[in-house]
Structure formats: C-alpha cells, structure tokens
2 protein chains.
Amino acid sequence: MKKIALKKGQILQRKGDFNSKVYQVEGGLLRSYAISDKGKEHIYMFAPEGWIMADNAPPDEPCDLFIDAIEDSIVWQKEKDLQGEHDVPKLIKRLSVLQKRVIMLMGASALERYEHFLATYPEIVQRVPQKMIASYLGVTPEALSAVRRKRSQKE
Amino acid sequence: MKKIALKKGQILQRKGDFNSKVYQVEGGLLRSYAISDKGKEHIYMFAPEGWIMADNAPPDEPCDLFIDAIEDSIVWQKEKDLQGEHDVPKLIKRLSVLQKRVIMLMGASALERYEHFLATYPEIVQRVPQKMIASYLGVTPEALSAVRRKRSQKE
DNA sequence: TTCCTTTCTTAATCTACATTAATGCACAGG
DNA sequence: CCTGTGCATTAATGTAGATTAAGAAAGGAA
C-alpha cells in the first residue's frame, strides 16, 4: 500500500498496462477513460475523494482504460490481490451498478443521461469541465450545452 | 441445486424479485431483459447451453431484469452464496466483460453493434428472431434490417 | 498586464436512426 | 383448406444529435 501525490493532468495508468492497481482516492479527482479506434475519448467514470478507481481487467490481461488526475490528487495504491480479503459483496455491488449503467445507456436520451450524471455525482458538477461531462455521457459538448439550456429554461 | 425444465416463453425471474438465483444453462436458450419506464423492452444478454445467466443484483436488493426462455430449455438453479466458494476471478472476468460493453455502447454505430453481437454470439444468430437481436443492440427492427441489407450488398 | 490557448456557447447544415404505415410471408388454430 | 396473428422488410417522413464554423469567455504563461 503506497501513497501517491499527483499533479493535475498526470497519468496514473495507461491502456495496455498489465497488473493494474486499485486506487483509493484520499483527495482530489480522478477519471478513467477509453480511446476508441477512431481516436475519440470516452470517459468511463470519475472518482472524487472517498471513491475507488480501478480498471476491471483480470491481472493477466492488459487493461482497457487510462486513468489520470483532473485535479491535484492524493491516492492510495493497492494491489489487486486475487485471493485474500477480496470483498465479494463489494464486487457484486460493482456488477450491479455496471449492469444498471448498461441498461441506462441502451435507452436513455441525452437529457436523461445528464440527469443520471447529476444523481450519480452531485458533488463534482462544478469541478469537471463541460466537455468531460459530455464525454462521460457519450454526447458532444454542443449537445450537452443544448440540454443545459433547455433545463434552465424550464426552471 | 435444482434442475428446471422450461417451455418456450416461460418466465424464470421477474423484475423486483429478491434473492435472485444463478442459472446454468444445460440446453436451450434464455434471455434477460429490462423494461424501461416507457414500456420498451431492452434485452441485456442471451445465454445458450453452457452459459451462465444471472441478474447481478445484491441479494438484499430487488433485481432489475426479467429472465425467460426463448426455446424450451433445461437449466440448473443455484443459490448465490455470498460466502463460500465464490469464484472471485470469474466475478472479475464478468466485470471486465461488462466494462467493455459499456465502452462499446458509448461509441458504436448500429453496424458496429451488430458486428459485436455476431462476434459474441456466433452460434445463436439463426435461433433468435431479428426483433430480439434489434432489442439487444438497442435499435429498431427496421434499423437492423437496413444494416443487414447493407452488409449483404458488400459481400 | 498582454497574448495565446482552451473551453463554452450559438447557429446552420447534415445524417443516422426512429416513427409510421403498407406489404408480403410464415405458421398456427379453426 | 381458409383465416388470423405476428414477424420481416421496404419506403416516407420526422427528429435528436453530430458536424462544422464562428465568436465570446476564461485561464495560463510571459
């Protein structure tokens, strides 16, 4: 277990790395993202203080995600120990959350995705640039801007 | 561990059930699906013989998915034992697959999704009605029909 | 401060997919 | 056998969101 201090923008893990670690965020804000074959960046998740960030790849396979710091951050790096005190209920909870996200992605409009983001990450809306929120939602910054305009008109 | 014989169309699990089970498919074909608040059906996965089918909900939470039989089927029903011989590497593998699917869903066109489906389930294309494939891909049957037409023209 | 780069927003146009509707087919029940 | 019901396909029209382009606002480095 190792403590790591990160500068904003610093990369913690690259796609293709083996033996990816688990990061417990003590302060700051991380993101993980994939880069498609067309070169587009898709943010997979955010992790503010108190959250866990990890690629879900098995340790014998290369990981799929990049992880970097959106703000200066402090994280604890842990090994993914296969055996041992692996918290099975926590793994199942992760599966459940992912499953819900898949279901959501299949049916939801840009507006609904934005509402879902707000519900999932209420504390970080102000700390993340719009274009990253758009990337997380899977829409363009222009589309997100339109969604926000419509929302603010209604209230 | 209990053996269950299912008729085509028979429902094995409903959304909202607690303590959902794990099903090992010995023969036939199952599907799991969600129904959105607008009443639309989204197929989450298929499970032909040899596959495992389960909702990923923790046992203390209601599950999200319906499971039913696309063909007459035989399945083994197992409890989700929290403790005990839970296969952690297998759980991690499931996470990894789900993560890849999320990334795919965020960036892929209807054509790409169809290619992905063919790669994932090569053995069942003939056994599943088009409209269910469309539902799995998150597009309408009409859109799938157009994709298939384009593909066949090219080759 | 000034300059430069990046981000956000607005608007015009384009495109993939949804919706609606009509038609042809297959198969199940009488 | 006829007749209904559901499925697949095609074509038309509609629409959410992508793309392109331009200008305004915000942040960093000298």
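In the text below, chain A, chain B and the rest are named by the order of the sequence lines, each starting its count at 1.
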- Closest to the B:S145 side chain: D:dT9, C:dT9, C:dT7? D:dT9

- Message: Tell me whether the NZ or CZ atom of B:R127 lies within the 45° cone about the ring axis of B:Y121 and under 6.0 Å from its centre.
- Response: no

- Short question: side chain of B:Q99, backbone of A:A57 - any donor-acceptor pair under 3.5 Å? no

- Query: Hey, which of A:R31, A:K7, A:Q10 is the one that makes side-chain hydrogen bond (donor to acceptor under 3.5 Å, both in side chains) with A:D68?
  - Reply: A:R31

- Message: Would you say B:R149 places a side-chain N or O within less than 4.0 Å of OP1 or OP2 belonging to D:dT10?
- Response: yes

- Task: Send over the distance from B:E142 CD to D:dC7 C1', rounded to a whole Å.
- Result: 11 Å

- Message: Taking the six-membered ring of A:Y44 as reference, does the cationic atom of A:R101 (NZ for Lys, CZ for Arg) lie under 6.0 Å from its centre and within 45° of its axis?
- Response: yes

- Check the hydrophobic clustering (I, L, V, M, F, W, Y; side-chain heavy atoms under 4.5 Å; chains of links allowed) and say if B:W51 and B:L6 are grouped together. yes

- Message: I need the CZ-C1' distance between A:R127 and D:dG27, as an integer number of Å.
- Response: 19 Å

- Message: Please pick, from C:dA11, D:dA18, C:dT19, the nucleotide with the shortest atom-to-atom distance to any side-chain atom of B:T140.
- Response: C:dT19

- Where the side chain of A:A143 is concerned, which of C:dC17, C:dC8, D:dG17 is the nearest nucleotide? D:dG17

- Separation of C:dC8 atom P from A:I133 atom CD1, nearest Å, is 8 Å

- Using a cut-off of strictly less than 4.0 Å, decide whether A:K150 has a side-chain nitrogen or oxygen near OP1 or OP2 of D:dG17. no

- Message: Strictly by ring-ring contact (aromatic ring centres under 6.0 Å, His included), give each pair with a member in residues 11-41 of chain A just once, sequence neighbours left out.
- Response: A:Y33-A:F66

- Message: So if I take the C1' atoms of five pairs at each end of the helix from C:dT1-D:dA30 to C:dG30-D:dC1 and get each local axis, what angle do the two axes make, rounded to 10 degrees?
- Response: 40°

